[in-house]
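Notes follow the structure.
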Amino acid sequence: MDIRDFLAMEANSDRDYLVDLRALDFVSSYDSHLMCPICHCPFVQPVRLQCDHIFCQKCLGSAITTFRSADSDEFPCPSCRTPTTRISTSVPRLLVNMCDEIQVRCPLVGEGCDEIIPRGHVQSHVEKYCGYRLMPCPDESCGKKTRKKDLQPEERCMHSYCRCERCKEDVMEQDFAEHDRELCPSLEATCDDCGNTIPRRSFKKHVETCPDVVSPCAASQYGCSVKVRRADIATHEQQCPLVSIGPYLEAQNTRLNTLELTMRHLQQRNEIFEDGMANLRSALLESARASGGDRSRGRSATNGDRDRQSHIDTDESADPANSFSSHTTQYLLSLHESLREEVSQMSHALTDLDARASMTIMNECLRIKEDMAHTNAALNSVRMQVQWLMNPRLHNGTRANGMRTNSASNETTRTQLTSTSAAGPSGASLGPLRPRRPSDSGREGTKL
Ligand SMILES: [Zn+2]
Ligand SMILES: [Zn+2]
Ligand SMILES: [Zn+2]
Ligand SMILES: [Zn+2]
Ligand SMILES: [Zn+2]
Ligand SMILES: [Zn+2]
Ligand SMILES: [Zn+2]
């Protein structure tokens, strides 16, 4: 709505409230954000501007009439000076509820009502329920006011005076019952503690101050069991050691409470960590079991590990009260131990393999060396035979021709020659000097 509508609404809604909500005695504390910047009270019928600032409807109405330049359509927000043309009556429900829930004293506390009620109920309390609201006397000629609870069902005036027979005092009829019960000076009561007789109307006050009432030491909460007359309590408290260390004990108490709170927090965190540890542990165990199964299929050497593993398992099931952390450490240590064993076994196997391999290589070398020696010998014998063959051919050409004729018989003795030449170069020279064809020696070389 615009400003004119708002002012019209404000003028119309200006109904008479029984209670001024801004003059209440606030019992509970309230957030400063619930305070109207204009009247500095919790909002009464709040309205909202375009800039989101909130004011009481009534406060804003008076602010507009004061600050608006004659008949213009906008006015500056009382908080931020933003020019404003529109006003909204829809404010957050939460804000209204929070304002209505602030505890206040009944405004008729001066009449004797000591009720404490939420601010939202004050109007209806005063209007309908409060017995201390002053009503005009049913007798219209009287003109006095009477409290609502004193109104008689028969609606007669209670303002006439009547005389108290005991104290000879004139008391208004509406107060007579109370006078008769308590206020009459002739009524007396005897204090049980000091034995004095006191007017009944001051009896309550006397009980609070009677010097003979036995009361506990101020340090009774710290263990002082002394109970003395009120008159002597000051003397005792001067000497009582517990009174002097009272503040210290108080400080210790608060410290203990703080520590307890911290402990509880830490305990909760510890529980969370323990859960995490347990999860980790179970995951580790699972993976270890899986790998353990693989290993047992491959090698029998892991039997020891698995035995240790099952030993740990039985340990856990037998004593579950043991802390998780020690179990985990134990498990990790055993895992480490088994791994170390495996590594040492592997290194042993490697050394073994190394030795075997070098042995084989050495044997092989020896064999090859021998073969080489044989080959060398054969080569030497062949060389000597070739030399032997060359000599007769150079100086004795005719004999070589004769040799070619009986080459067939020479073929039969070739195997015998091979065995003798393999025995060494000396064997070749010792062997029978038979004429040979060059092609034979060549074939013999390739065979070796
Ligand atoms: Zn206000
Ligand atoms: Zn504003
Ligand atoms: Zn009341
Ligand atoms: Zn009257
Ligand atoms: Zn009296
Ligand atoms: Zn007394
Ligand atoms: Zn004491």
Heavy-atom distance under 4.5 Å between the side chains of Val91 and Phe43, does that happen here?
-> no

Okay, side chain of Asn376, backbone of Leu379: is any donor-acceptor separation there less than 3.5 Å?
-> no

Nearest non-hydrogen partners of Pro37 and His40, listed with the distance | O-NE2, 3.4 Å

Please examine the side chains of Leu60 and Phe75, heavy atoms only from C-beta on, and report whether any two atoms are closer than 4.5 Å.
-> yes

Do the non-hydrogen side-chain atoms of Gln57 and Phe6 ever get within less than 4.5 Å of each other?
-> yes

Salt bridge or not for Glu364 and Arg367, using N-O below 4.0 Å?
-> yes

Pairwise side-chain contact, Ile64 with Leu7, heavy-atom cut-off 4.5 Å (strictly under) | yes

Report the C-alpha distance between Tyr222 and Glu250 in whole Å, list the side-chain angles of each, state the deciding distance to 0.1 Å, and finish with yes or no for side chain to side chain donor-acceptor pair (under 3.5 Å).
-> CA-CA 9 Å; Tyr222 304 125; Glu250 192 70 44; 2.4 Å; yes

Would you find more than 12 non-hydrogen atoms of other residues, nucleotides or ligands less than 6.0 Å from Asp192 atom CG?
-> no

Is a side-chain N or O of Glu237 found less than 3.5 angstrom from the main chain of Ala218, in a donor-acceptor match?
-> yes

Do the side chains of Val104 and Val122 get nearer than 4.5 Å, heavy atoms only?
-> yes

Checking Thr328 side chain against Arg281 main chain: does a donor-acceptor pair fall under 3.5 Å?
-> no

Judged by atom type as modelled, is there a donor-acceptor pair below 3.5 Å linking the side chain of Thr375 to the main-chain atoms of Asp371?
-> yes

Within the side chain of Ser282, is there an N or O that forms a donor-acceptor pair under 3.5 Å with the backbone of Leu280?
-> no

Heavy-atom side-chain proximity of Cys39 to Cys59 below 4.5 angstrom = yes

Does CZ belonging to Phe26 count more than 12 external heavy atoms closer than 6.0 Å?
-> yes

Looking only at heavy atoms, which two atoms of Thr190 and Gly195 are closest? And how far apart?
-> CG2-O, 3.7 Å

Quick one: which residue pairs count as a salt bridge (Lys or Arg N to Asp or Glu O under 4.0 Å) with a foot in residues 106-126, not counting sequence neighbours?
-> Asp100-Arg119

Closest heavy-atom pair, Pro46 versus Val96, reported as atoms and distance to 0.1 Å, is CG-CG2, 4.1 Å

Would a 4.5 Å heavy-atom cut-off, applied to side chains only, mark Leu134 and Leu108 as touching?
-> no

Do Arg230 side-chain atoms and Cys210 backbone N/O form a donor-acceptor pair below 3.5 Å?
-> yes

Is the backbone N or O of Gly61 less than 3.5 Å from a side-chain atom of Thr65, with the two atoms forming a donor-acceptor pair by type?
-> yes

Any donor-acceptor pair under 3.5 Å from Arg86 side chain to Gln50 backbone = no

Do the side chains of Glu173 and His159 get nearer than 4.5 Å, heavy atoms only?
-> no

